[in-house]
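Reading through the structure tokens given below for one structure.
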Amino acid sequence: MHHMTLAEIARGLADKKFSSVELTTTLLARIAQLDPQLNSFISLTQDLALSQAKAADARRANGENGALLGAPIAHKDLFCTQGIRTSCGSKMLDNFKAPYDATVVAKLAAAGTVTLGKTNMDEFAMGSGNESSFYGPAKNPWNLECVPGGSSGGSAAAVAARLLPAATGTDTGGSIRQPAALTNLTGLKPTYGRVSRWGMIAYASSLDQGGPLARTAEDCAILLQGMAGFDPNDSTSIDEPVPDYSASLNGSLQGLRIGVPKEYFSAGLDPRIAELIHTSVKELEKLGAVIKEISLPNMQHAIPAYYVIAPAEASSNLSRFDGVRFGYRCENPTKLEDLYKRSRGEGFGSEVQRRIMVGAYALSAGYYDAYYLKAQKIRRLIKNDFMAAFNEVDIILGPTTPNPAWKIGAKSSDPVAAYLEDVYTITANLAGLPGLSMPAGFVDGLPVGVQLLAPYFQEGRLLNVAHQYQLNTDWHTRTPTGF
Ligand code: GLN
């Protein structure tokens, strides 16, 4: 049962082959048995899951038939869930029970999903390996000594290990696409504004976007359908109709213009990954796509710009965690300043503190123009590069990451080494564009992802290309040994 995709589950439930309660019970038992190896969950919500599964079965018995009705999922632990711990991977929020559901959580619940739990993540979504979590690292099911990617590492590890068919994630600089690549999943970061951020604990507000992690493009289409849409509670949500993503899967790729940026293949990219990317390009060519070399000349400035803008926004967003209003409070504060200092000093881990300091510095008087304003200008240049490229091509293709998964701890002494892993993903966040990562092969037994980027609101196009690719390849069907 645990090998089924969301699409297969929907068919099985509709054909009454099994009930949502049966499926949910099976998966909860599987999680209890296997998650101790993976550490992919921060909280399990068995009671909620069983009551949602019962309700979904009752709705089906009454003739309802949605694709998500009775489907088991999990939420990254930064989506607020009413009455349930929402930790954001931090000691700061270890005791925080959200007073309301995030829009994404509420929408998916209304569609009939069954929430099995809340998944592990880098603290406040800052990281690329799930190593900064207060709850310890999540493990990659392809090699338990390796990271599953981050920051949505728990969602990725759980789905890759077949503990459940799909999960939500968020992507500020790659945190859906990069863990998808490192665990052999398909992950989609939608256009900025496509999925509501209301109730999603903020890291860098102008970059954060929620999206699906699943095994196939077909499943990403199903989950995204339940997440996307205008939300008056989020001032950056865009009032644009949501297309039928599943209907977009089947278009032909004949004549599709795919751009491959020459800058993607510079030093730093593992040559074995480059090889696999070229193979996937050839596969798409066979399906009718036309390949063109393009250039994104400002890409080299993306990491420095991102690592000014994201910490700047984080330093502002995280100022609310002061020991007074939310979460952790230090013992016996002597005065207000002591309360602030010790609550934040004890509640935040070292990577979060590092980013708050960098961000506060970049925003301070005298440095604002030199760093923050400069970074915003680079951001515009990067967007302009994409706009020029999309005049010539429909899709941009390249690697999702320069390397496969690394050993847990291998980059801990050098934060910049981890930042460099984001080189291919962060440009889409800086420009607000949608991006998808899909399985493209293996290096040393570890999965490799290929990234597709599209113009604004063309999530359907990304899913279409990925689905056609998956109809003709079987990388996405490979299962890690032992799971
Ligand atoms: N690795 C990037 C960072 O640490 C991206 C994280 C994310 O997308 N949430 O900022």
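No experiment lies behind these values; they were computed from the predicted model shown. One-based numbering, in listed order, for ligands and for the atoms of each.
Close approach of ligand 1 to Gly173 (heavy-atom distance below 4.0 Å) involves ligand atoms 5 (C), 7 (C), 8 (O). Each of the following atoms of ligand 1 lies closer than 4.0 Å to a heavy atom of Tyr203: 3 (C), 9 (N), 10 (O). Shown in contact with Ser175 at under 4.0 Å from a heavy atom are these atoms of ligand 1, numbered in order with element: 5 (C), 6 (C), 7 (C), 8 (O), 9 (N). Atoms of ligand 1 lying under 4.0 Å from any heavy atom of Ala125, numbered from 1 in the order shown and given with element: 6 (C), 7 (C), 9 (N). Listed by atom number, the atoms of ligand 1 under 4.0 Å from Met126 heavy atoms are 4 (O). Under a 4.0 Å criterion applied to the non-hydrogen atoms of Tyr307, ligand 1 contributes the atoms 1 (N), 2 (C), 3 (C), 4 (O), 10 (O).
Between Tyr306 and ligand 1, a contact under 3.5 Å exists for at least one N or O pair. Inclusion of Thr170 in the set of residues having an N or O under 3.5 Å from an N or O of ligand 1 is not warranted.
Counting heavy atoms under 4.0 Å from ligand 1, residue Asp422 touches it through the side chain alone. Proximity of Arg355 to ligand 1, defined as any heavy-atom pair under 4.0 Å, is confined to the side chain (atoms from C-beta onward).
Between Tyr203 and Tyr306, the ring-plane angle classifies as perpendicular under the 30° and 60° cut-offs.
Salt bridge Arg177/Asp171: present, at least one basic N to carboxylate O contact under 4.0 Å. Under a 4.0 Å N-O distance rule, the pair Asp77/Lys118 qualifies as a salt bridge.
Using a 4.0 angstrom heavy-atom cutoff, Gln178 does not count as in contact with ligand 1. Under the 4.0 angstrom criterion for non-hydrogen atoms, Gly174 is in contact with ligand 1.
The shortest non-hydrogen separation linking Lys91 to Glu123 is N-OE2, 4.5 Å.
A donor atom on one side chain and an acceptor atom on the other are not found under 3.5 Å apart for Glu145 and Trp406.
The salt bridge (charged side-chain N to carboxylate O under 4.0 Å, His left out) test applied to Arg197 returns Asp234, not counting sequence neighbours. Checked against salt bridge (charged side-chain N to carboxylate O under 4.0 Å, His left out), Arg194 has no partners two or more places apart in sequence or in another chain.
Distance alone, capped at 3.5 Å, places no donor-acceptor pair between the Asn233 side chain and the Trp198 backbone.
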